[in-house]
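Letters A, B, ... are given to chains in the order of the sequence lines, protein chains preceding strands, and every chain is numbered from 1.
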Amino acid sequence: MNYSLTILILLIPFATFLFNGLFGMKLKPIISGLIGTIGLGVITLLSYLTAWQYFFVDGMVNGTFPKIIAMSMDWLHFTDFLTVRIGIMLDPISVMMLVVITTVSFMVHIYSLGYMEGEKGFQRFYAFLSLFSFSMLGLVVATNIFQMYIFWELVGVSSFLLIGFYYTKDSAVAASKKAFIVTRFADLGFLIGILLLSFFTKTFDFKTLTGSDQSIFANAAGVNFMGISVMTWAAILIFMGGAGKSAMFPLHIWLPDAMEGPTPVSALIHAATMVVAGVYLVARMFPVFYFQAPEALNVVAYVGGFTSLFAAVIACTQYDIKRVLAFSTLSQLGYMMLALGVSGYGGEEGVGYMASMFHLFTHAMFKALLFLGAGSIIHAVHSNVMQDMGGLRKYLPITHATFLIACLTIAGVPFLSGFFSKDEILVAAFHHDKLLFAVEFLVAGLTAFYMFRLYFNIFWGKEKHYHHTPHESPKTMTIPLMILAFGSIFAGYIPFHKLVTSDGMPFESHMNFAIAIPSVLIGLIGITVAWVLYKKETTIPERISKGLGGFYTAVFHKFYFDEIYLFITKKIIFNYISRPVAWFDRHIVDGTMNGIGWLTVTSSKKIRNLQSGNLPQYGLVFVLGAIILVLVFAFII
Amino acid sequence: MLQGIPITSVLIVSAFMFFAGVCGFIIRRNMITILMSIELILNAVNINMVVFNKFLFPDQLQGQFFALFIVGIAAAEASVAIALVINIYRRLNSISVDKVNEMKY
Amino acid sequence: MALNVLMFYLLSAVIVICSVLTITTTRILRAAFYLLCVLVATAGFYFMVDYQFMAGVQLVLYAGGIVVLIIFSILLTSHISHKFAKPEASRLIMGVLVGVSGFALSTAAILKFTFTPTTNPAMKVDMQAIGLQLLGTGKNGYVLPFEVISILLLAAMIGAIIIAKKGK
Amino acid sequence: MDIASFNLMRNELILVGIVLIMLIGEIFTKSENKNKLITLGTILFGVATLINFLPLQEGMLFGGSFQTTRMTMFMKSVLNLGVFIVFLQSNTWLKREDNHGKIGEFFILIISTLIGMNFMISSGDFLMMYIGLELATIPMAALAAYEKYSEKSAEAGIKLILTSALSSGILLYGLSFIYGTTGSIYFEDCVRNIGINPMQTFGFVFFVAGMAFKISLVPFHLWTADVYEGAPVNVTAYLSVVSKGAAAFTFMIILYRVFGSITKVWEPLLYTLAVATMTIGNLFALRQNNLKRFMAFSSIAQAGFILLGIMQGGTLGMTTVVYFMLIYVFTNLAAFGVISAISEFSGKENITDYNSLYKTNPRLSLILLLALFSLAGIPPVAGFFSKFFLFTAAGAKGYYILILIAVLNATISLYYYLRVVKAMLIDKSDEPIATFKTPWPMRISLLICVAGIFVIGFASVIYEYISSISFGIN
């Protein structure tokens, strides 16, 4: 079987980008939108075909899924031993990513036809979307780390263009710049990591790097820098790149701000695709991490764990619905990183790896759904802030239903997809590190809590005064919601342990009830708390209280219990934990980054007198420079 | 040592002249005097070249020819510089360097 | 003390004093005059070391050409009686500092170096030798620089003309 | 030596020929036909550029004063290409009323400075190098002061000539020390007597200072911004690309050929200069509003990156530097082409004037965006590769901290390149620059540049070719 058609997966979005970018202005907006959407539809189909072919027709060779190089061409002869190739590599994770990216991207394309209608620069928006899809797809199918780096940066560029696209206000511009610069800063680590890795292994190719032949690392043996082996450094630096894109603490600061972009963009880039690139990178390099730099893997696990807790706590305090979702994304990405960090290699040992990819898949579905749902809500009420919303369920029935499904999924309610993937992660964490397991367990509860806080605030509670009656979004927007809702429900039934595993070999996975049941319970507790806190304060429509029956009344009447609860959660947890954490995030972590920027700008102001415009002063600096250099190099050294 | 004159003393004289020129470039504000400082600098270099040639390497005339070409180029440089100074004078009615700092920072 | 040594010290004194005066005098025409003295003293020095051709060039081109050019431009752009203001103190201090430290450094560098004259026999410097070398095409022949400098002079001339000519 | 051996200086002779033709043309063309001189000069020069790509044997002339190798030929071709693009871009500007009387002169001056650069690159002794350097500098001052009615232009001219005279004085003083201590002005004789002692190091540092002036390395860069801002756009483009490139090539060749034995001295020296140049260049670029001035500081920062390659000292170093310059020619000229087109059309040169440019002139702004991305080193445009190779060259020498500083600087540089991008794409403007049609010579030049930006990054043939003709310290 050949996969020669896979090249089209890259070429079509590139072609639509060029077409829309160059001639889009001359077309009617809708035509240009349709061109982009149809192009993406075609490659979605192609990706599904490829996946079908890869997993079910060709299947395994000698019991493992092989790494197939579908296309490869020599690109640059770097030095005598290093050659950069550009090509397409198919293996379980890249094929899986093809499916994820094309699916979500296709949905976003359709959705945007409605959401962005009438916006200025509609054609440009579609051109950028195509560019983004192209670069993201190029990233995942890269055959070598160099190619990956190039597409990696291209993804950064297109994300910059998309975040800065929509609003003309300064915050959007600042956000896009921040996103770009923070991730570039992280990429600096990535680049140096690549240089280190290739310097010692003499190769860029993933196939060689992650293959069974470990002799390529022989050069690096015994090389240490500051007491840590050089491969660990390389791995940590590469992880730094991944942490930048996947917004791990403390490089996460760009993601919440990036919500200034149009909502479909948030769904595509900041929920389902680009931000998981970092997770994907670590997964891609997993054997290198596992065999050569186990310490780095620990770093991955703890950074992931910390980020997921940190972000979940902050998510509880946010009022902007997109920011809640952003922090939730951070938290879920932390989950995925952690799962990779605690994973072993091969067979059931590698359950963490499998779980991470599994969660990546399901998360893409339900988080894209949440963002698109949020977009639909914002479309209806023209506001991002929860306080402006309430009681929307009767105006937006489809949005309401799909949003509820997504919330239930992310909360880990049984038999929805999030339940399965999250459970696997908890299992992996449990076997590896009890502390991390405890953290994740807590986060599971927090997640359920803040998601339902969001849900109740939007769809229930007192109806706010709206400028005009909110109405359900057009078909172009609701259909993607329904499709994604379908995905959120059923994605969990895909047998990932048979398809996507650390060494390509399937293994048997089974439900661990000792972990699944408590995690479901804590999720339910989170939901209940949210329900108690955020539904009670409003006048509840009678039929709902009737429907909920005795349970509700019981809670309602036992208000002394309630008071205590309120006291603990609102007064203590909020004031002494969540708020300080949020404050820390806003002022210290963010502040440090801003401080660096400020320092640069200020120092550039301070030295301006060097360039005084006065000729003799130029001569002075010139001669003084020469004399000092003479003094240093001829007489001191 | 040539006829009782040590080479170092000649070099020191030329070094003095050179740095006098440099100093002049820095402290002067009139463009023509700056130009004169530059002539001092180039002249110091010429002395160096000639002296090295005569005292150390008299088997060839490299230093002398180098100095010769420097003189030629100095003339060309001076002519263009003076044309520019006159150009500035026409425009600003002044040849003070303090006047030509419209562009800065 | 031999006459030439005395001569050398005399010329050196002229060079040192006049260079300082060139950069310190407040009257522009005097500065030009001191510069002329320096250049003539330099020419005298070339005579002393028996490089008559070089000395001649120095006198004709440098002293005769460039200084005259400078004086012309002074007359075009300044009043002879005009006195400049003294330079600002900070600029003066920095300038002197740079000059003195540079001078000290170069003196130190010169004194630290042991010069080794070549053992090859000296070349006879007469007009014929100079002429032959100036038009020589081999090593130590200078016809190429000679040709290139002619392009330079052409370009400089054209450049000077387009700048200085009055616009329409 | 026979006539045939003059073939070795083919490029220079052809250029001198063009200078003479232009001179005669300028004298004998009637006033109303002057514009035809532009076409004539551009075409002649285009032919010369093409001819220079023809292969040529290696060799030397004039007892080693003039040397031709495949590398020098390639370097000259890079410069020729740059000048050709500049000629295409200056077409409209030259047709302007106030330049009417000096069209031929523009070509003569530019080409004679180019001849100077060629001699600099091909020089085999310090005298030729110096004369080449001056030939490349003195007419440049006249070019900088070309705009008769602009005070800024006059200021640029005087600043350039006076500072360059000072710098050549410093350079010569250094050369005199080198001559005095080594006994020769010929490179191959100097090498034998180069050692580490205060006087030679003194001479060497002064020599570096003089060259650093041309390449605009900090702290010898102060003239750059003022001259770039004041000079006509096309002259600025020429200065920032061709003149800088020639100086960098010459500097590298002389370092490798003459001072190869004292890498111990110049490695830390260049290290210092590289760090200072990248950092100061970037910090100043952050606060500029005039685009030409902005490009000046950007080009200073870029010069700092070049040093990374030069410091490597081997074949790899030379390859990366030449490759970098080749890409830099296309990238920077693409940017300057857009700036020039807009400046010609509207007279506007400030970043804020570019607000909403995308709306009115999408193609121009996309080209500028591409060029800026390439300058910032964002993959997959060619600029990324050239920078990456420079980093690898420095990495091969083990300068990890320097690379770190360089990458950090590249990150800072991103910020200010994005400022321009932001202005064009995002910022609103009440009166954006109106839509206009760029004249065809400009279009061709931009087309060449854009093709270059894409092709060179992806065609490894070029990199391999450069690698095959490079040499290092032996």
Side-chain angles (χ1 to χ4, degrees), chain A residues 21-22 25 74-79 83-84 86 121 124 149-154 156-157 160-161 164-165 168 172-173 176-177 180-181 184-185 187-188 191-192 195 199 597 600-601 603-605 607-608 610-613 615 617-619 621-626 629-630 632-635 637, chain D residues 158-159 162-163 166-167 170 198-199 201-202 205-206 208-209 213 218-220 222-223 225-226 265 268-269 272 280 282-284 286-287 316 358 362 366 373 378-380 384-385 388-389 391-392 395-396 400 403-404 407-408 410-412 414-415 418 422 425-428 458 460 463-464 467:
Chain A
L22 291 176
M25 292 305 201
D74 270 15
W75 184 7
L76 283 171
H77 284 282
F78 208 168
T79 53
T83 304
V84 178
I86 188 161
R124 186 153 47 104
Y149 180 76
I150 284 167
F151 281 101
W152 183 272
E153 289 292 331
L154 209 55
V157 172
F160 162 74
L161 294 171
F165 173 83
T168 45
V173 175
S176 63
K177 258 193 324 215
F180 200 42
I181 287 172
R184 271 293 298 202
F185 177 76
D187 294 347
L188 158 179
L191 187 60
I192 296 175
L195 280 174
F199 185 73
T600 325
V601 174
S603 50
S604 93
K605 262 184 204 139
I607 56 172
R608 69 170 204 168
L610 184 65
Q611 190 88 35
S612 65
L615 193 63
Q617 189 251 346
Y618 290 3
V621 174
F622 187 106
V623 182
L624 201 61
L629 289 176
V630 167
V632 171
F633 288 98
F635 292 96
I637 294 178
Chain D
I158 194 78
K159 276 182 173 165
L162 289 182
T163 46
L166 176 70
S167 100
I170 301 260
M199 190 157 169
T201 311
F202 190 113
V205 173
F206 268 37
V208 172
F213 171 85
V218 174
F220 312 111
L222 288 166
W223 62 281
D226 295 0
V265 175
L269 179 63
T272 321
I280 302 275
N282 273 336
L283 287 180
F284 272 104
L286 282 174
R287 39 177 296 108
L316 178 63
Y358 183 83
L366 279 179
F373 275 4
I378 297 169
F384 163 71
F385 296 103
F388 187 75
F389 290 149
F391 293 162
T392 342
Y400 294 118
I403 298 179
L404 190 71
V407 180
L408 265 175
T411 313
I412 297 177
L414 203 66
Y415 174 79
L418 286 183
K422 177 197 135 204
L425 265 62
I426 294 165
D427 285 358
K428 281 258 181 294
F458 288 88
S460 66
Y463 182 82
E464 280 157 36
S467 180

Where on A:Leu624 is there a heavy atom nearer than 4.5 Å to chain D: the side chain, the backbone, both, or neither?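 Nothing of A:Leu624, per the 4.5 Å heavy-atom cut-off to chain D.
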Please state whether the side chain, the backbone, both or neither of A:Phe633 comes within less than 4.5 Å of a heavy atom of chain D.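 A:Phe633 touches chain D through backbone and side-chain heavy atoms alike.
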State, to 0.1 Å, how close [X] and [Y] come at their nearest heavy-atom pair, and which atoms those are.
X	Y	answer
D:Pro198	A:Phe635	CB-CE2, 3.9 Å
A:Ala626	D:Ala209	CB-CB, 4.1 Å
D:Asp226	A:Gly613	OD2-CA, 3.7 Å

Pick one of side chain, backbone, both or neither for [X], based on which atoms fall under 4.5 Å of a heavy atom in chain A.
X	result
D:Leu269	both
D:Phe384	side chain
D:Ser167	both

If you apply the rule ring-ring contact (aromatic ring centres under 6.0 Å, His included), what do you find for A:Tyr149 with D:Phe388, and how did you get there? CA-CA 12 Å; A:Tyr149 180 76; D:Phe388 187 75; 7.2 Å; no
What distance do [X] atom [atom1] and [Y] atom [atom2] have between them, rounded to the nearest 0.5 Å?
X	Y	atom1	atom2	answer
D:Ile403	A:Leu191	CD1	CG	9.0 Å
D:Leu404	A:Ile192	CG	CD1	4.5 Å
D:Leu166	A:Phe622	CG	CZ	5.5 Å
D:Thr201	A:Leu629	OG1	CG	12.0 Å
D:Trp223	A:Tyr618	CH2	OH	11.5 Å

D:Pro219 and side chain to side chain contact (heavy atoms under 4.5 Å, CB included): which partner among A:Val621, A:Leu610, A:Val623?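 The option that passes is A:Val621.
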Would you say the side-chain atoms of A:Gln611 pair up with the backbone N or O of D:Leu222, donor to acceptor, closer than 3.5 Å? yes
Under 4.5 Å, counting heavy-atom pairs only, tell me which of D:Phe213, D:Phe284, D:Phe206, D:Phe202 racks up the most with chain A.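 Most heavy-atom pairs within the cutoff with chain A belong to D:Phe284.
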What residue in D:Ile280, D:Val265, D:Leu408 has the most heavy-atom pairs under 4.5 Å with chain A?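 Winner by heavy-atom pair count: D:Leu408.
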